[in-house]
Amino acid sequence: MARVTLSEPITPDTPIWMEFVELLSDLDATDRVSQILRGVRVRSAVYCRSVLRAPWGFGVKAHGNPAYHLITSGSCWLEVSGVQHQAQLAAGDLVVLPAGPRHWVRDHPATPAARLEDILASTPRDEHQRFNYGGSGPQTALVCGGFALDGSGQHPLLRALPATLVIRGSGGHSAPWLASTIALLSAETEANAPGAAEVFTRLADAMLTQALRRALADLQDADQDRVLALGDPQIAEAVALIHSQPGRAWMVAELAAQVGLSRSEFAARFRELISESPLRYVTRTRLARAAELLRTSNAPLAQIAARTGYATSFSFSKAFKRAFGVAPGQYRRQPNARPTFDLTGPRRP
């Protein structure tokens, strides 16, 4: 690689610096993920760093604030209120809970779990400010904390994320970007130097920003409209409402009122950003949800129709066939069925 020798210091006023900034701006012009992250500032707090030996388990009550758990060694199980199955986590995994639901972390699915606040209140910290808890079995090390995004209320980005976001390592190793952060976090933990707590928090901020980038990239691949909507907080809020209640009989005026806009301004901004009308977006969201239910459940068509806003199975089947090209029953019987209508391409004017 060629080396460039600079004869004078680089400052924001030098031509080479200005050219560099302009180049970055050009590269970023069509990168929606970077544009969204530029307006996001993560502020994290580390609740505890723990060394846990089986059997162990702790529960966290629902608090509505985003939470995270980083498994730096060992393994554990995560149970989230309202989710049917527990998820197994291993060293190098990071789990983010954007809505801060009630949840439990334990060494085995059947291990009882005490309240985390009770454990923290009764367990002294070691010389590295870590909690040691549990029995004498296999060891797991965790970093647990919470975070917020700058701004009042829950940020639209958090509402667009899945209820549980798990970034998994491979073979006991983290994703490369996460492994680097874990190494720095571990170094700060062992060093116990002046300012270590603040550096640890800043590193956690960076780790969570990277996790949000990964989540946004995945969301963009699955449904670019939701990422586009994040460029306008009020439209993003409307999109989140539609996705949270696809079966509701949404009207444009109602959505506009929910996000504090006039009907005309809301409809214009929605179309400009998403390239289709709000009601057409509602229809696509309903049918995408119906397709998911057909793939992942044995619910009868009448129940799926009701859950996605259709008064009868007939009206649902007619709309579904128009969008997918096949009847719901036939779609369900297809192996590895996936939506065949365009969720991300050009829209009708």
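Atom set for the values below is all heavy atoms of this structure, side chains included, hydrogens, waters and symmetry mates excluded.
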Transitively linked via ILVMFWY side-chain contacts under 4.5 Å: [X] with [Y]?
X: L255; Y: L261; result: yes
X: Y47; Y: V42; result: no
X: L241; Y: F266; result: yes

Could you tabulate the donor-acceptor pairs under 3.5 Å formed by side-chain atoms of residues 104-112, not counting sequence neighbours?
unit_1: R106; atom_1: NE; unit_2: T111; atom_2: O; d: 2.7
unit_1: R106; atom_1: NH1; unit_2: E79; atom_2: OE1; d: 2.7
unit_1: D107; atom_1: OD1; unit_2: W56; atom_2: N; d: 2.9
unit_1: D107; atom_1: OD1; unit_2: T111; atom_2: OG1; d: 2.9
unit_1: H108; atom_1: ND1; unit_2: A110; atom_2: N; d: 3.0

Report task. Report the residues that fulfil side chain to side chain donor-acceptor pair (under 3.5 Å) with Q88, sequence neighbours left out, ordered by chain and then residue number. Result ->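 Result, side chain to side chain donor-acceptor pair (under 3.5 Å) vs Q88: none returned.
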Requested in this report: Could you pull out all residues at least two apart from E254 that satisfy side chain to side chain donor-acceptor pair (under 3.5 Å)?
Outcome: R248
Report task. Over 60° means perpendicular and under 30° means parallel, so classify the ring planes of F58 and H69, tilted if in between. Result ->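 The rings of H69 and F58 sit tilted, inter-plane angle from 30° to 60°.
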**Report entry** For R307, all residues meeting side-chain contact (heavy atoms from CB on, under 4.5 Å), sequence neighbours excluded
**Finding:**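 Scan of R307 (side-chain contact (heavy atoms from CB on, under 4.5 Å), adjacent residues dropped) gives R289, L293, Q303.
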**Report entry** Pairwise side-chain contact, V239 with Y281, heavy-atom cut-off 4.5 Å (strictly under)
**Finding:**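 In contact.
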Requested in this report: Find out whether L97 and Y68 are in side-chain contact, i.e. whether some heavy atom of one side chain is under 4.5 Å from a heavy atom of the other.
Outcome: no
Report task. Compute both the distance and the angle, then confirm whether R49 meets the cation-pi test with F200: under 6.0 Å from the six-membered ring centre, within 45 degrees of the axis. Result -> yes
Query raised in the report: Can you list the residues that meet the salt bridge (charged side-chain N to carboxylate O under 4.0 Å, His left out) rule with E272, with sequence neighbours excluded?
Result: none
Indicate every side-chain donor-acceptor pair of residues 204-215 with a distance under 3.5 Å to a residue at least two apart or in another chain.
unit_1: D205; atom_1: OD1; unit_2: S44; atom_2: N; d: 2.9
unit_1: D205; atom_1: OD1; unit_2: S44; atom_2: OG; d: 2.4
unit_1: T209; atom_1: OG1; unit_2: D205; atom_2: O; d: 2.9
unit_1: Q210; atom_1: OE1; unit_2: T181; atom_2: OG1; d: 3.3

Query raised in the report: Has R43 got more than 12 heavy atoms of other residues, nucleotides or ligands less than 6.0 Å from its CZ?
Result: yes
Query raised in the report: Checking S317 side chain against F314 main chain: does a donor-acceptor pair fall under 3.5 Å?
Result: no
